[in-house]
Amino acid sequence: MQEFDAIIIGSGPNGLSAGIELAKNNLKVLILEASETIGGGMRTGQATIPSFLHDHCSAVHPSGVLSPYFKKLSLKDFGLEWIYPEASVAHPLDDQPSVMLYKSVEKTIESLGNDAENWKRLFSNFSENGEDLLKDAMGPLSIPSKPLLMGKFGLNALRSAESFVKNHFSETQAKALFAGCAGHSILPFNKSLSAAVGMIFAVQAHMVDWPIVKGGSQNLGNALAAFFKTLGGEIRTSTKVENLNQLPDAKVFLFDTDPLQLATIASEYLPASYRKKLENFRYGPGIFKVDWALSESIPWKDPNTLKASTVHVGGKFEEIAKSEADMWNGNHNEKPYLILCQQSEFDQTRAPESRQTGYAYCHVPQGSTKDMTDIIEKQIERFAPGFRDTILAKNTMNTKNLQAYNANYYGGAITGGVADLSQFFFRPTARLDPYSTPNNKIFICSASTPPGGGVHGMCGYHAASSVLRKVFDLKPTEL
């Protein structure tokens, strides 16, 4: 007899979500994790000085708190506590107040001048219908449940961020605010769909203030794992899987890995033509990340900046657009766009009393080993003079370090692969069911499947749903 119904390789948010969905249907599920600690990109640890807690990758979680699947799980019963800041985003500008992105559309547009009504027109309706929008957007390509809403969204979402801004905004503030959101796409701003990511992040900000997890992102992973175990699931850490033959037999295997690891580990069980497609998957640029232990809060020129969990550092739209074009073309920008998080401003468990933590990264060419620390700190100093004087200790991670930390971050790419037109819906390959493979016992459930990167568990949920229907003839959870 088979010891397990399903074996999942990888314990990131998608592996855990897939495990939960399968175990909820009374299947015997084993999750295997190569590292000593579960969680993938959700891990938290002491990277600088003891008693300073740093999120190793994912830090702020709008897609987590809004995840249609996570909402179905009673994670608060397993210790998960969200902490909400006063604002989602602050966007510093030279010699001007920071532009703030609040849950309230009305409060946000107070600083957008002549673009205020356009911002309100663009985002009010989508945020008011955000749950329906996200349910359709956070899944594989299919007929939307709200076709008119999705069609209206798609008219702008398919555009480039450059085209979107040119068509809708005329002043520095709104352009910069949207640029910061669109920068999460890790695409140059002249590419289609760079507007889609900017729009999704803006909509999410008007649905909820982007939260952090009390005690660190690790506690989200811990809550998912605890829930999974109450369903009878088993997790084994420090278990690196290099070949499918080393595993006990099971009815189905799910890979919460990047496509290259799937092609390698299951090479004997997948046709060469499919493996070739997996090997040709495009991962895109990586990141260079710095964690700081700080003696005090970051001394932003505009103190309002401290109200936001996330700070988009980079100045005007044109500057951020150049930064993202440079990294896409294999260059390192001297004034890069940064995503900076200041979790300890809202969570006192992250640092000793009166101390703070800081976290920032910039996008760099895939596989880059260039030390961007000085460049990143200069960019922060531009908007927060005296920042360097607050640094007690720091830890840096280049693309090689990131891949060593998590093998899914190939070349330092943290979002599961390029999300342009050719890979946004059809990832990792073009299949009617993107979670399936030519082997009906092998599935993929990582961020390299729709809807892509982010701590939301939706890739895992959709992959598990496919497994339940196709392998076990069972009905998945309705969202």
Side-chain angles (χ1 to χ4, degrees), residues 62-63 65-69 71 88-89 99 101-109 112-171 173-210 317 321 419-427 434 450-454 456 458 462 478-479:
S63 61
V65 75
L66 293 171
S67 165
Y69 189 59
K71 283 185 174 184
S88 293
V89 171
V99 190
L101 181 53
Y102 296 101
K103 181 179 178 182
S104 165
V105 174
E106 295 297 336
K107 192 172 181 180
T108 298
I109 65 176
L112 299 186
N114 292 330
D115 292 322
E117 288 305 310
N118 273 353
W119 186 279
K120 182 177 181 178
R121 174 181 54 80
L122 284 163
F123 296 115
S124 288
N125 182 52
F126 293 133
S127 57
E128 289 167 3
N129 295 278
E131 289 194 9
D132 292 326
L133 179 67
L134 291 181
K135 194 180 296 184
D136 284 333
M138 297 177 77
L141 188 63
S142 61
I143 298 173
S145 60
K146 302 288 184 179
L148 291 178
L149 179 69
M150 184 55 70
K152 185 177 179 182
F153 180 83
L155 288 174
N156 277 307
L158 288 171
R159 306 174 73 161
S160 69
E162 204 171 71
S163 170
F164 181 91
V165 163
K166 184 178 181 180
N167 190 62
H168 294 298
F169 305 131
S170 61
E171 297 191 9
Q173 287 85 347
K175 290 180 178 181
L177 189 59
F178 189 78
C181 293
H184 288 261
S185 69
I186 319 183
L187 291 171
F189 285 0
N190 62 356
K191 274 193 171 287
S192 295
L193 288 177
S194 53
V197 175
M199 291 181 70
I200 285 290
F201 274 89
V203 168
Q204 288 179 331
H206 290 312
M207 293 175 68
V208 65
D209 294 308
W210 294 0
F317 177 91
D420 60 7
L421 274 175
S422 63
Q423 282 192 176
F424 191 79
F425 297 108
F426 302 106
R427 51 195 290 136
H456 43 64
M458 293 300 292
H462 286 297
E478 289 188 14
L479 300 183

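Since the structure is predicted, the reported quantities are computational estimates derived from the model, not experimental observations. For reference, positions follow the sequence shown, starting with 1.
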Within the structure provided, determine whether [X] and [Y] are in side-chain contact (heavy-atom separation under 4.5 Å).
| X | Y | result |
| --- | --- | --- |
| Lys103 | Ser88 | no |
| Leu177 | Trp119 | yes |
| Leu149 | Asn125 | yes |
| Lys146 | Lys135 | no |
| Leu134 | His456 | no |

Check [X] against [Y] and note the closest heavy-atom contact, atom names and distance.
| X | Y | result |
| --- | --- | --- |
| Ser160 | Ser163 | OG-N, 3.0 Å |
| Met458 | Met138 | CE-O, 3.3 Å |
| Ala419 | Phe424 | O-CD1, 3.6 Å |
| His206 | Ser127 | CB-CB, 3.6 Å |
| Ser124 | Val105 | OG-CG1, 3.7 Å |
| Val208 | Val65 | CG1-CG1, 3.8 Å |

message: Walk me through whether Leu122 and Met199 qualify under side chain to side chain contact (heavy atoms under 4.5 Å, CB included).
response: CA-CA 9 Å; Leu122 284 163; Met199 291 181 70; 5.6 Å; no

Counterpart residues, salt bridge (Lys or Arg N to Asp or Glu O under 4.0 Å), relative to Lys166 (two or more places apart):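 Checked Lys166 against salt bridge (Lys or Arg N to Asp or Glu O under 4.0 Å); zero matches.
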
message: Counting only heavy atoms not in Glu131 (residues, nucleotides, ligands), do more than 12 fall under 6.0 Å from its CD?
response: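 No, because the 6.0 Å sphere around CD of Glu131 holds 12 heavy atoms or fewer from other groups.
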
task: Kindly check if the number of other-residue, nucleotide or ligand heavy atoms within 6.0 Å of CD1 (Ile143) is above 12?
output: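 Atom CD1 in Ile143 is not packed in, count stays at 12 or less.
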
Output the distance between atom [atom1] ([X]) and atom [atom2] ([Y]), rounded to the nearest 0.5 Å.
| X | Y | atom1 | atom2 | value |
| --- | --- | --- | --- | --- |
| Leu148 | Asp132 | CG | CG | 12.0 Å |
| Leu421 | Phe426 | CG | CZ | 10.5 Å |
| Leu133 | Gln204 | CG | CD | 9.5 Å |
| Lys175 | His168 | NZ | NE2 | 13.0 Å |

Using residues 180-191 as the side-chain source, report each donor-acceptor pair under 3.5 Å to any protein atom, sequence neighbours left out, with the distance given to one decimal.
from	atom 1	to	atom 2	distance (Å)
His184	NE2	His312	NE2	2.9
Ser185	OG	Ala182	O	2.7
Ser185	OG	Leu187	N	3.3

- prompt: Within the distance-only criterion (no hydrogens, no angle test), does the side chain of Thr108 pair as donor or acceptor with the backbone N or O of Tyr102 below 3.5 angstrom?
  reply: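 Looks like yes, one N/O pair under 3.5 Å.
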
Of Asn118, Asp115, Asn114, the residue whose pairing with Ser170 passes side chain to side chain donor-acceptor pair (under 3.5 Å):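 Only match with Ser170 under side chain to side chain donor-acceptor pair (under 3.5 Å): Asp115.
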
Full working for side chain to side chain contact (heavy atoms under 4.5 Å, CB included) between Ile109 and Glu106: CA-CA 5 Å; Ile109 65 176; Glu106 295 297 336; 3.8 Å; yes

- prompt: Which of parallel (below 30°), tilted (30 to 60°) and perpendicular (above 60°) describes Phe123 and Phe178?
  reply: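 Parallel: the ring planes of Phe123 and Phe178 meet at under 30°.
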
field: Contacts of type side-chain hydrogen bond (donor to acceptor under 3.5 Å, both in side chains), residue Ser422, not counting sequence neighbours
entry: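 With sequence neighbours excluded, Ser422 shows a side-chain hydrogen bond (donor to acceptor under 3.5 Å, both in side chains) to Arg282, Asp420, given in chain and number order.
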
